[in-house]
Amino acid sequence: MKDAVAALFEQALDQLIDEDIIQATDRRVVQIENTRDPAHGDLATNVAMMHAKAAQMAPREMAEVIIDKLPPSKMIRYIEIAGPGFINLCLAQEIAFEPVINCLEHNEHFGHHGHTNERIQVEYVSANPTGPLHVGHGRGAAYGATLVNLLSARGHDVEAEYYVNDAGRQMDILAVSVFLRYLEKTGQCVSFPSAGYRGDYISDLGERLLRKSSISSKIKFNELLKNVIADSEEKKDAHIDGLIQNSKQCLGGEWWQPFDLALSAILSDIKEDLSEFGANFDQWFSEKSLVSSGEINMVIAKLEDRGHLYENAGALWFRSTDFGDDKDRVVRRENGETTYFTSDIAYIANKLSRGFDRIIYVWGADHHGYIVRIKAAAQALGFDPGRLTIRLVQFANLYKDGERLQMSTRSGSFVTLRELREDIGRDACRYFYVMRKADQHLDFDLSLATSQSKDNPVYYVQYAHARICRVFEGINDTPFDQNRGINNLADLTTQEELDLATTIGRFPEVIKRAADGLEAHLVCYYLQDLAADFHRWYNGSRLLVETLETRDARLALAKAVQIVIRNGLSLLGVSAPRSM
RNA sequence: GCGCCUGUAGCUCAACCGGAUAGAGCAACCGCCUUCUAAGCGGUAGGUUGCAGGUUCGAUUCCUGCCAGGCGUGCCA
């Protein structure tokens, strides 16, 4: 609708340029917007004000000239110039319900856009497989999953990916933690390192290792302490690194038993958790594969060739300051090991070479310091950093009964995402996590999320859907005839009905805006608006009336609302219940 | 110190990439159930958009400075 109207104005501008009233270089894109105030008609545009200055005319005068050139159209009932030079349009009554017809016709595809041929990858969650997902990961998961849905609905080819950090020091710490618990289970006395992972699941994995493994070596805990710096607050890292080194040495090839056991158990737990959360991935990309494929070394060589590396104090550095970073970064440590960042460079090179037009990273806000360096790496490798979009997700604070819940990972007593889901349900989780702008702090009120009232936006929206379903179940004589409804939409004349039709017509735009701006929260606000429009209508007028023509016209409108709510909730990964 | 993000009604947040009288919900107050779900609806009240400048027809939006809060700033991941 907007596009059609915009096209009319574009034609008018073409004319004015032909007539030399406006210079082609001064031309601006026509913006049509929904009016906020009904007194301003249905749509409004500021074209006149945008072109007035260049054409050396008063805005209102410019508006008259533009309107004069506007091709005639059945869509428009009347046009008026208002305020400082706005052009307000009132649409023809006959087309007011076009969105409803459109919606009924396209059903589950209503709101979706045609193919764009743009390939986009969205990488999200990517939590280290060192433990179960906790509530902090939930927001990234919900946001990322919704983005994937939105971008698909927008017409892009989207691939969702999870980067598995299955190499590196954190994994070694995990493996040694499990191994030490295993030693405990064999009856040894172990002083557990303060830098180790402590959760109950580590002990469980130690137990499983004892039951299933075939570790032949008879290792005494004391042997592992040989030449290892004593554990202390300042030296805890050196302490655990020593334990890891000795464990690897003593275990030899058997080192991989605790390692693989822990990795596969935790990863499959994460996969199951995310799948139950409705966050689906096309690809689980292993960091280890970058090591075994030699891509890490290749990327170092490539940077070397391009002259972006230098040696200093025994380490190999990437001169990221050439690309705006405030500090150069180490790619190979003094001890010969590469860093987490080196893997990231190899990974970004791998992603970029897979031919995506756009690559989106969803990161926790604590990673914002990495944006510059990852873009620097892409640039140093000769890629256009403009292909990368990094979206930060701020942390969510959980509240229950007005009290903020503390999440301490130290004791291992954190709230897992699974616990949260079991507590308040997937629907409320998904909705609340994306309800706010992603880069904004989120207060997640658990009491509200479970409350069954209009204060709870999830229930409010779902309730509208359930109410519609119930109305349809209430038809007991002549069945609903959609064509009869469509043919009699002119029977719908109240303000509530017109408002609903307009709101339904906004849905495709909302998807476009939300997808283009990566702003998932817009879907929530939209659905709340739509639900409010519906509840208002429902409350004031009866749908199942005697006259079949009017009844079916109303039912057609109700069905369109139902479709939009279902489509919208499905983008969010939230169910649309038939009864509540 | 430096970098990034944020500051809008008492609270939680919107505001269509510069537009008209800045909008919702909660909390407060007043109303609406013999009717398809009251898990709902209507109404009243609530603002110097952190502060001060600047850019222009027009600023919550863009620029500068200041104030306040959050996060980051490892040869950690």
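Below, all heavy atoms of this structure are taken into account, side chains as well, without hydrogens, waters or symmetry copies. Numbers restart at 1 for each chain; the letters A, B, ... are given by sequence-line order, proteins then strands.
Taking atom CZ on A/Arg506 and atom C1' on B/G23, their separation rounds to 12 Å, with Å as the unit. One atom, CD of A/Gln394, and another, P of B/G72, lie 10 Å apart when rounded to the nearest Å. What separates CG of A/Asp499 from P of B/C41 is a distance of 15 Å, to the nearest Å. For the pair A/Asp172 CG and B/C76 C1', the computed distance is 13 Å after rounding to whole Å.
Side-chain proximity of A/Arg333 to the nucleotides B/C76, B/C71, B/G7 is greatest for B/C76. Of the candidates B/A14, B/U12, B/C41, the closest approach to any side-chain atom of A/Gln440 belongs to B/A14. The side chain of A/Tyr459 has B/A39 as its nearest neighbour among B/A14, B/U12, B/A39. Checking B/A20, B/C16, B/C36 against the side-chain heavy atoms of A/Ala44 singles out B/A20 as nearest. Of the candidates B/U6, B/C36, B/U12, B/C36 carries the atom nearest the A/Leu544 side chain, counting heavy atoms from C-beta on. In this structure, of B/C71, B/C75, B/U12, it is B/C71 that holds the atom nearest to the side chain of A/Asp366. Comparing B/A39, B/U12, B/C75 against the side chain of A/Arg436 picks out B/U12 as the nearest. Here the side chain of A/Pro84 is nearest to one of B/C76, B/A15, B/G19, namely B/G19. Closest contact between the side chain of A/Lys437 and the listed nucleotides B/C36, B/G42, B/A15 involves B/A15. The listed nucleotides are B/A39, B/G19, B/C36; the one nearest the side chain of A/Glu33 is B/G19.
Judged by centroid separation below 5.5 Å and plane tilt below 30°, A/Phe86 stacks onto the base of B/A20. Once the 5.5 Å centre distance and the 30° plane angle are applied, the aromatic ring of A/His40 is found stacked with the base of B/A20.
Within the 4.0 angstrom heavy-atom criterion, base atoms lie near A/Ser579. Note on A/Arg536: only backbone sugar-phosphate atoms sit closer than 4.0 angstrom, heavy atoms only; bases stay farther off. Residue contacts for A/Leu522: at a heavy-atom cut-off of 4.0 Å it reaches the sugar-phosphate backbone alone, with no base atom in range. Nucleic acid contact for A/Ser541: base, since at least one base atom lies under 4.0 Å from a heavy atom of the residue. Counting non-hydrogen atoms under 4.0 angstrom, A/Gln170 reaches the backbone sugars and phosphates but no base. The residue A/Ala82 sits close to a base: some heavy atom pair falls under 4.0 Å.
Counting atom types as modelled, A/His368 pairs a side-chain N or O with a base atom of B/G3 as donor and acceptor under 3.5 Å. In the interface, the side chain of A/Asn88 is paired with the base of B/A20 through a donor and an acceptor atom under 3.5 Å apart.
A/Phe444 and A/Tyr433 have their aromatic ring centers within a separation under 6.0 angstrom. Ring centers of A/His308 and A/Phe323: under 6.0 Å apart, within the cut-off.
One finds no side-chain N or O of A/Tyr399 lying less than 4.0 angstrom from the OP1 or OP2 phosphate oxygen of B/C11. Of the side-chain N and O atoms in A/Lys53, one or more sit less than 4.0 angstrom from OP1 or OP2 of B/C57.
Under the 4.0 Å criterion applied to side-chain N and carboxylate O atoms, A/Asp344 and A/Arg329 are not assigned as salt-bridge partners.
If you find the closest nucleotide of RNA chain B to A/Thr45 and to A/Asn335, the one lying nearer the 5' end belongs to A/Thr45. Comparing A/Asn34 and A/Arg470, the nucleotide of RNA chain B nearest to each residue sits closer to the 5' end for A/Asn34.
Under a 3.5 Å cut-off, the side chain of A/Trp317 and the backbone N or O of A/Asn312 do form a donor-acceptor pair.
Nucleotide B/C71 forms a Watson-Crick or G-U wobble pair with B/G3, both donor-acceptor distances falling under 3.5 Å. Taking a pair to require two hydrogen-bonding distances under 3.5 Å in either a Watson-Crick or a G-U wobble arrangement, B/U55 remains unpaired.
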